[in-house]
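Written below as structure tokens is the structure these notes are about.
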Amino acid sequence: MSTPSADVKPGKASLLYDPTIRGYFYQILLLAVVGFVIWSAASNAIENLRAQKIASGFGFWHNAAGFDVNQKLIPFSASGSTYGQAFWVGLLNTLLVASIGIVLATFLGFFVGVARLSSNWIVSKIAMIYVEVIRNVPLLLQLFFWYNAVLKPLPNPRQSIELPAGFLLNNRGLYVPDPQFGPGGNLIIWALLIGLVATFVFRSWARKQQAATGKQYPIGLVAFGLIIVLPLLVYFATGRPITFVYPELAGFNLRGGIQIFPEFVALLVGLTTYTAGFIAEVVRAGILAVSKGQTEAANALGLRAGPTLKLVVIPQAMRVIIPPLTSNYLNLTKNSSLAVAIGYPDLVQVFTGTVLNQTGQAVEVVAITMAVYLTISLVTSFFMNIYNKRMALVER
Amino acid sequence: MIRVIGAALIAVSAAMCASGALAQSPTLAQVKNRGILHCGSGTGLAGFGIPDQQGNWSGMDVDVCRAVASAIFNDPNKVKFIPLSAKDRFTSLQSGEVDLLSRTTTWTISRDTALGLNFAGVNYYDGQGFMVRKKLGVDSVLKLAGASICTQQGTTTELNLADYFRSNKIKYEVVAFASNQETVKAYEAGRCDAFTTDASGLYAERLTLSNPDDHMVLPEIISKEPLGPVVRHGDDVWLDIVKWSLFAMVNAEELGITKANADEMLKSDNPEIKRFVGTEGKFGEPMGLTNDWAYRIVKHVGNYGESFERNVGSGSLLKIARGQNALWSKGGLQYAPPIR
């Protein structure tokens with residue numbers, strides 16, 4: 001049976017049984033079926049839209065929107081802004097909550113995951129209860145809980161809770177002093193950027209030095225100097241150009257300052273705690289996947305528990321952790337669309353909600369939204385895959 | 001594909017079943033085939049469309065659906081109510097999930113044209129108002145500068161709000177929710193200083209608040225909100241059926257035909273009443289209905305005035321005055337073309 005196919009003379013029968021040709025045949029067949037389904041779905045949709053005389057096309061993009069959105073990272077108002085701008089407002093709000101949520105959920109998830117493996121009985125049990133409660137309650141309910149828990153106990157703006165440094169808290173959100181940059185203010189930003197880059201360069205240089213010579217450098221101290229002290233020096237050198245506009249009571253609401261909306265806080269807290277529950281389990285699985293012998297070997301070399309975890313266990317666990325971690329990042333981003341339930345103006349609320357309703361162009365709006373979530377997901381997995389490749393076991 | 005085949009089958013079967021009718025409505029054929037009317041209703045607004053504890057729906061908008069079901073099936077209960085939020089209602093109607101939408105929907109030009117919909121008339125003339133807490137000490141919308149205002153997204157309310165505050169140069173912050181319930185809950189929790197929707201909705205929602213007397217409706221009505229049932233483009237006969245079901249209720253009030261005296265009216269000598277109850281003329285057939293279609297509506301649902309009083313007027317908790325919803329002959333706007 002191990003006759004090489006090249007020996008068989010080409011004929012009808014052999015062509016029929018040639019695995020390569022069969023492979024091509026089935027792939028082309030599958031492609032044709034998929035193509036036909038897409039084509040018939042599209043033509044059916046176009047036909048129905050035409051039959052019902054529903055406007056179609058993407059012309060609505062430049063039409064005036066006529067509604068307002070409270071949280072916006074780019075200028076947007078009912079007067080003069082378009083549906084296209086509404087799309088960007090929604091998209092940026094989605095990206096804002098997703099990116100901050102991913103960072104916070106990662107920290108919290110790692111913390112809880114490690115805590116669950118702690119030898120301290122109380123710590124590990126608390127972590128276990130957290131994971132089990134969070135994982136088993138639907139996210140939507142948690143969002144309602146957080147929104148009501150964030151909102152209900154807070155006083156109205158007239159009785160705002162005064163926090164240090166001019167912060168005010170009430171049922172309209174958290175009001176933060178708004179920094180105003182005077183002349184020379186942008187130098188501070190530059191100093192901060194330079195500090196960050198210099199820290200990064202120094203860190204990689206120090207690591208190479210350590211690998212080559214074994215000598216350790218005070219990375220933390222240098223980073224503190226470059227990132228904190230340098231911009232502070234520039235701040236005083238340029239004559240303290242940053243002033244703050246403090247929120248104050250005007251009428252029955254507050255004026256001035258940056259308002260952090262309760263919808264944002266509730267969504268962020270909900271997404272973070274929920275996703276962290278899953279990340280904690282991923283981290284636990286990753287750590288348990290590392291053979292106990294590794295820890296024992298590290299202990300035998302005289303490493304204490306902290307460095308063992310940081311230098312030996314976690315780097316090996318990361319190989320197991322990263323792929324499911326990526327899935328959780330994607331889930332968090334997609335789950336942010338539940339914002340619609342608590343009134344946070346994310347992409348789904350602003351675009352698939354209000355814009356779709358005002359224009360009635362369901363097919364176009366939903367297609368765009370799907371494309372956006374697909375793009376966000378693909379970009380996230382792309383970067384996580386690069387990271388995964390770097391962390392993967394390199395066999396010699 | 002399946003829908004195309006399905007539609008073709010329905011069209012063929014409708015053509016075979018048609019017995020001398022002048023025109024056929026694919027929607028009517030589908031409803032008759034199914035044996036029940038799918039009616040898109042609100043998610044629960046007292047007086048307009050709300051289910052009780054047994055799941056029986058009642059309200060002004062619900063009565064329109066029941067009228068259509070009565071005209072078709074001679075049974076007001078052959079309606080399945082499908083609750084839709086403001087945000088989902090048009091998509092559901094466009095995609096054929098519901099045959100008819102009757103849920104406090106404002107008639108506007110863009111909805112009537114670009115959205116591929118047809119409005120079948122006005123069953124309630126409304127206008128947008130604002131509700132605030134009494135202790136806020138505000139007696140006019142114009143004093144709401146800097147206020148947070150809760151509203152439902154995807155509504156004309158959201159657009160009127162932006163227009164009104166922009167034209168009066170008042171700053172405000174909008175907080176928009178997908179459902180009415182969430183909007184009211186957020187207002188009650190103090191997230192907003194004011195809650196805005198159609199005035200009728202404000203009165204209905206005020207009753208659901210834990211302490212209705214703490215809240216007041218501001219005097220300004222900032223918009224015209226003609227609310228009425230909606231159907232899809234492309235089925236003119238179906239539009240006629242819904243439109244004339246509504247007109248039948250208004251005409252019945254004008255002619256003095258009520259739920260109680262409908263049977264007596266079958267023996268009436270008045271030519272207008274004879275045409276209405278179907279003892280003279282054939283006004284149901286062109287729509288694919290029986291000639292006593294209008295009699296059936298009044299027999300089961302009652303006339304417009306009865307529906308109004310029962311659901312939102314003196315016979316209800318809302319106690320809304322007839323106002324502009326009175327008949328044209330009594331100084332209101334309700335006016336139905338004659339049946340002849």
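Labels below follow one simple rule: chain letters A, B, ... track the order of the sequence lines, proteins then strands, and each chain is numbered from 1. All values below come from the heavy atoms of this structure, side chains included, with hydrogens, waters and symmetry mates left out.
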**Prompt:** Tell me, side chain or backbone of A:Ser77 under 4.5 Å from chain B's heavy atoms, or both, or neither?
**Reply:** neither

**Request:** Between chain A and each of B:Arg166, B:Arg111, B:Lys87, B:Arg232, count heavy-atom pairs under 4.5 Å; write down the option with the most.
**Result:** B:Arg166

**Asked** Is it the backbone or the side chain of B:Phe165 that comes under 4.5 Å from a heavy atom of chain A, or both, or neither?
**Response** neither

**Asked** Using non-hydrogen atoms only, which part of B:Leu161 is less than 4.5 Å away from chain A: side chain, backbone, both, or neither?
**Response** neither

**chain A contact via B:Thr91 - which portion, at a heavy-atom distance below 4.5 Å** = side chain

**Item:** Minimum side-chain heavy-atom gap B:Gln153-A:Val340 below 4.5 Å
**Value:** yes

**Item:** Part of B:Phe90 lying under 4.5 Å from any heavy atom of chain A
**Value:** side chain

**Among the listed options B:Gly234, B:Ala189, B:Gly137, the residue most often paired with chain A at heavy-atom distances under 4.5 Å** = B:Ala189

**Request:** Measure B:Asp88 against the heavy atoms of chain A and call it side chain, backbone, both or neither at under 4.5 Å.
**Result:** backbone

**Asked** Given that the side chain runs from C-beta out, which part of A:Tyr344 has a heavy atom under 4.5 Å from chain B: side chain, backbone, both or neither?
**Response** neither

**Request:** Could you tell me the separation between the CD atom of B:Glu173 and the CD atom of A:Gln71, rounded to the nearest 0.5 Å?
**Result:** 10.0 Å

**Message:** For a salt bridge (Lys or Arg N to Asp or Glu O under 4.0 Å) check, start with the C-alpha distance between B:Lys171 and A:Asp68, then their side-chain angles and the critical distance, and finish with the verdict.
**Reply:** CA-CA 11 Å; B:Lys171 276 202 165 172; A:Asp68 282 303; over 6 Å; no

**Item:** Side chain / backbone / both / neither for A:Ala65 at chain B, heavy atoms under 4.5 Å
**Value:** backbone

**Prompt:** Would A:Glu263 and B:Arg191 satisfy salt bridge (Lys or Arg N to Asp or Glu O under 4.0 Å), going step by step from the backbone distance to the final call?
**Reply:** CA-CA 10 Å; A:Glu263 291 82 25; B:Arg191 173 67 183 89; 2.6 Å; yes

**Prompt:** Cation-pi between B:Lys185 and A:Phe144: NZ/CZ under 6.0 Å from ring centre and within 45° of the ring axis?
**Reply:** yes

**Request:** Under 4.5 Å heavy-atom distance to chain B, tell me which part of A:Gln349 shows up: side chain, backbone, both or neither.
**Result:** both

**Prompt:** For B:Thr155, is it the side chain, the backbone, both or neither that has a heavy atom under 4.5 Å from a heavy atom of chain A?
**Reply:** backbone

**Request:** Using non-hydrogen atoms and a 4.5 Å limit, figure out which bit of B:Ala145 sits close to chain A: side chain, backbone, both or neither.
**Result:** backbone

**Fill in**
Bottom line for B:Thr113: the part with an atom under 4.5 Å from chain A's heavy atoms is backbone

**chain B contact via A:Val69 - side chain, backbone, both or neither, heavy atoms under 4.5 Å** = backbone

**Asked** For A:Gln259, is it the side chain, the backbone, both or neither that has a heavy atom under 4.5 Å from a heavy atom of chain B?
**Response** side chain

**Request:** Tell me, for B:Leu117 versus chain A, whether the close heavy atoms (under 4.5 Å) come from the side chain, the backbone, both or neither.
**Result:** neither

**Item:** Proximity breakdown for A:Leu356 and chain B, heavy-atom pairs closer than 4.5 Å
**Value:** side chain

**Request:** Measure distances from B:Cys192 to the heavy atoms of chain A and classify the residue's part below 4.5 Å as side chain, backbone, both or neither.
**Result:** backbone

